[in-house]
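Notes for the one structure printed next.
Naming convention: chains lettered A, B, ... in sequence-line order (proteins, then strands); numbering from 1 in each chain.
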Amino acid sequence: MKNYLEKIFNEAAQRLSYLSDIKINFDIPKIESHGDFSCNAAMMLTKKLKKNPRQIAEEIISNLKYDEDIIQKIEIAGPGFINFFFTPSFIAKVIKSILEQKENYGRVDKYKGKKANVEFVSANPTGPLTVGHGRNAVIGDTVANMLESIGYEVDREYYFNNAGRQMRVLGDSVKQRYLQLLGDKIDFPEDYYQGEYIKDIAKLFFDEHGDKLKEEKPEGKFKERAEQEIFNDIKRSLKLLGIEFNTFYNENTLFEEGKIEALLNAFKEKNLSYEKNKAVWLKFIELGGEQDKVIVKSTGEPTYRLPDIAYHITKFDRGYDLMVDVFGSDHVASYPDVLAGLKALDYDVNKIKVIIYQFVTILENGEVVKMSTRKANYVTLDELVDEVGIDVVRYFFIMRNTSSHMNFDLTLAKKQSDENPVFYLQYAHARICSIIRTVSGENIIASTRHLDLLVKEEEQQLLKKLNKYEEEILYASENFEPHRICSYLEELAAAFHKFYTFCRILGSKKKLADARLALAEATKTVLQNGLGILGVTAPERM
RNA sequence: GCCCCGGUAGCUCAGUAGGAUAGAGCAACGGUUUCCUAAACCGUAGGUCGGAGGUUCGAAUCCUCUCCGGGGUACCA
């Protein structure tokens, strides 16, 4: 519908040159009587043309050439809005496209041939995934789905680090627990990993090796096995949510392949780094930052910035047109450094999109649960999935804007899971399936031959929502805003439930029943496609 | 101190590609099942969009200041 308006405006602009000077916007008015679309062009031109906006509107309208089978009427309203009303039969045409394209409806090839990399989760293997990681995981996977739906070929990537102090502590945590199992009286250090899973891993060593590993170094078998066990656990948790990665990128690769060294040299050559107090500093001030920062510590160990930059360079080298990073808000301060470093080396940082999501606050019994993997104070993602199910978890984490803080009352979620909006959507789908089952014995066939009979208020409302789908998906995807899809689907489901209540299929005349069934099936397809992008199931029965 | 995010109905949050009378879900209250699933639908009530200025035909949306909450500000990642 919007496309058609754009078309006739472009055509009119050949006669009214001032139309090309402004960006023409078409909005869907909140109020029904204001039409299907509304345009504010006349008001935007008042200053320029020094004329009354209503006069301008009239001039614009008289220059629009349109098909009366498509547009029913055009009105000037309020201060100078131009309101467009489409014909019911044009609005109903969307059913045809939906039924023809089925699961491909809403997919566009705008970015066909482009490659995207979405990096997310990227938790180091020091413990089970928590609810906090869950938000990251679901956002990343959904964004990946959205990008695929607009044509990108997407790689899902997990970046991790299995060197460093964290991992040494992990290995030693396991060893200490192992020694305890052997009967040694040990005060387990407070700043070690306190979780039960450490004891489980220690038990594996005890069962398999008895006391033979007393002299084994913590960073040897203990660390390796812990990493392996924990990683398996992480992968299993993610798979449970339907999330799988193409690539696990080990930070260590960057060192092994000399990429860190090469990067250091590149900075040096460009005269962007210098030595001070035995450390290497990068000239961030020169790059527009607030202060210079250390990239190699006086101990010779690089700080996280160096591998992060080198890592992104590998993504550029691998030929991605778009690189998405999904970070928690605790990383806000670090990514500008990475981008500045890349920019200094002439990489096009516009290809990088950083999604920062705000933290999830978990409330249990009215109290805030402070998360810490180290202190073993957390609610795991698995526990959450156990409590409320996969669909609710996935939906819950994307139904809100990523930039919005999220409160999650566990107690409430367990109790009131029936009232979660995801069921509202799923129920709409199940209801349609039920209709199709019921109607299958009757002489009713989903047919697009008499769509012009769909003129009732509820039918038209539902049709208008269906007409919005393609645009919504594209907008949400291009702007990396998965929650918009949720809002849209809730509106669609609401429009369907109203249609269901007021427009019966059984008992209507054959032609109308056929058209209504076609409308119901089209709705089913769109619900299915939308839920599919969210990774939420569309059940046939509930 | 400085930087990022948020502050919208009792609660959780949409709306921030400037638009017409600010929305949804839950909670509260009242109604709707001889009829394709009542996990639904209809109605009532509930708001100084944190506060103050400004920009303009028009501001929840943009700018400035300010208050409150979260996160960050390392030779931690």
Exercise for the section: Would you please indicate yes or no on a ring centroid separation below 6.0 angstrom for A:Phe231 and A:Phe248? Expected result: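 That pair passes the under 6.0 Å test.
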
Using a heavy-atom cut-off of under 4.0 Å over every strand shown, decide if [X] touches base, sugar-phosphate, or nothing.
| X | value |
| --- | --- |
| A:Asn161 | sugar-phosphate |
| A:Cys503 | base |
| A:Met399 | nothing |

Would you tabulate the nitrogen or oxygen pairs shorter than 3.5 Å linking the protein to nucleotides 60-62 of chain B?
none

Problem - Upstream residue (5' side of RNA chain B) when A:Arg484 and A:Cys39 are each assigned their closest nucleotide - result: A:Arg484

Fill in the blank from the handout: Contacts of A:Ala430 and A:Asn479 projected onto RNA chain B by closest heavy atom; the upstream (5') one is A:Asn479

Fill in the blank from the handout: Given protein heavy atoms under 4.0 Å, the one-letter contact record of nucleotides 70-76 of chain B, with B base, S sugar-phosphate only and - none, is simply BSS--BS

Nearest-angstrom distance, [atom1] atom, [N] to [M]:
| N | M | atom1 | result |
| --- | --- | --- | --- |
| B:rU16 | B:rG7 | P | 12 Å |
| B:rA38 | B:rU32 | P | 16 Å |
| B:rG47 | B:rG23 | C1' | 11 Å |
| B:rG51 | B:rC67 | P | 15 Å |
| B:rA24 | B:rC68 | C1' | 26 Å |
| B:rG54 | B:rG58 | P | 13 Å |
| B:rU33 | B:rC26 | C1' | 24 Å |
| B:rC5 | B:rU48 | C1' | 25 Å |

Practice task
Would you please confirm or rule out a distance under 4.0 Å between OP1 or OP2 of B:rU12 and any side-chain N or O of A:Asn407?
Solution key: yes

Problem - Geometric cation-pi criterion A:Arg431 and A:Phe496, 6.0 Å radius, 45° cone - result: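 A:Arg431 over A:Phe496 ring: no.
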
Completion exercise
CG (A:Asp330) and CD (A:Gln358) are apart, to the nearest 0.5 Å, by 10.0 Å

Completion exercise
Residue set satisfying side-chain contact (heavy atoms from CB on, under 4.5 Å) with A:Ala430, at least two apart, ordered chain then number -> A:Met542

Problem - Test side-chain contact (heavy atoms from CB on, under 4.5 Å) applied to A:Arg541 - qualifying residues, sequence neighbours left out - result: A:Arg437

Tell me whether the side-chain N or O atoms of [X] pair up with the base of [N] as donor and acceptor below 3.5 Å, since no angle test is needed here.
| X | N | value |
| --- | --- | --- |
| A:Ser487 | B:rA24 | no |
| A:Asp27 | B:rG19 | no |
| A:Asn83 | B:rA20 | yes |

Practice task
Quick one: which residue pairs count as a ring pair (Phe, Tyr, Trp, His ring centres under 6.0 Å) with a foot in residues 25-44 of chain A, not counting sequence neighbours?
Solution key: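 Residue pairs passing ring pair (Phe, Tyr, Trp, His ring centres under 6.0 Å), neighbours aside: A:Phe9-A:Phe26.
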
Exercise for the section: Answer yes or no for this row: A:Phe81 ring on B:rA20 base, centroids under 5.5 Å, planes under 30°. Expected result: yes

Problem - Aromatic stack A:His34/B:rA20: centroid gap under 5.5 Å, interplanar angle under 30° - result: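 Taking the rule of under 5.5 Å and under 30°, the ring of A:His34 does stack on B:rA20.
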
Exercise for the section: Compute whether any side-chain donor of one residue and acceptor of the other, for A:Ser403 and A:Asn401, lie under 3.5 angstrom apart. Expected result: yes

Strand partner of [N], provided both Watson-Crick or wobble distances fall under 3.5 Å:
| N | answer |
| --- | --- |
| B:rA22 | none |
| B:rG69 | B:rC5 |
| B:rA28 | B:rU44 |

Report, one line per pair, each donor and acceptor closer than 3.5 Å where one atom sits in a side chain of residues 488-495 of chain A; sequence neighbours left out.
residue, atom, partner, partner atom, Å
A:Tyr488, OH, A:Lys465, O, 2.6
A:Glu490, OE2, A:Tyr395, OH, 2.6

Completion exercise
Separation of B:rA39 atom C1' from A:Tyr500 atom OH, nearest Å, is 12 Å

Practice task
May I ask you to decide whether A:Asp325 forms a salt bridge with A:Lys315, counting only side-chain N to carboxylate O separations under 4.0 Å?
Solution key: yes

Handout entry: A:Glu521 with A:Lys524: basic N within carboxylate O range, under 4.0 Å
Key = no

Completion exercise
Its glycosidic angle compared against 90° from 0, B:rU66 adopts the form anti

Problem - With A:Lys259, the side-chain contact (heavy atoms from CB on, under 4.5 Å) member among A:Leu254, A:Leu264, A:Leu306, A:Ile313 - result: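 The passing option is A:Leu254.
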
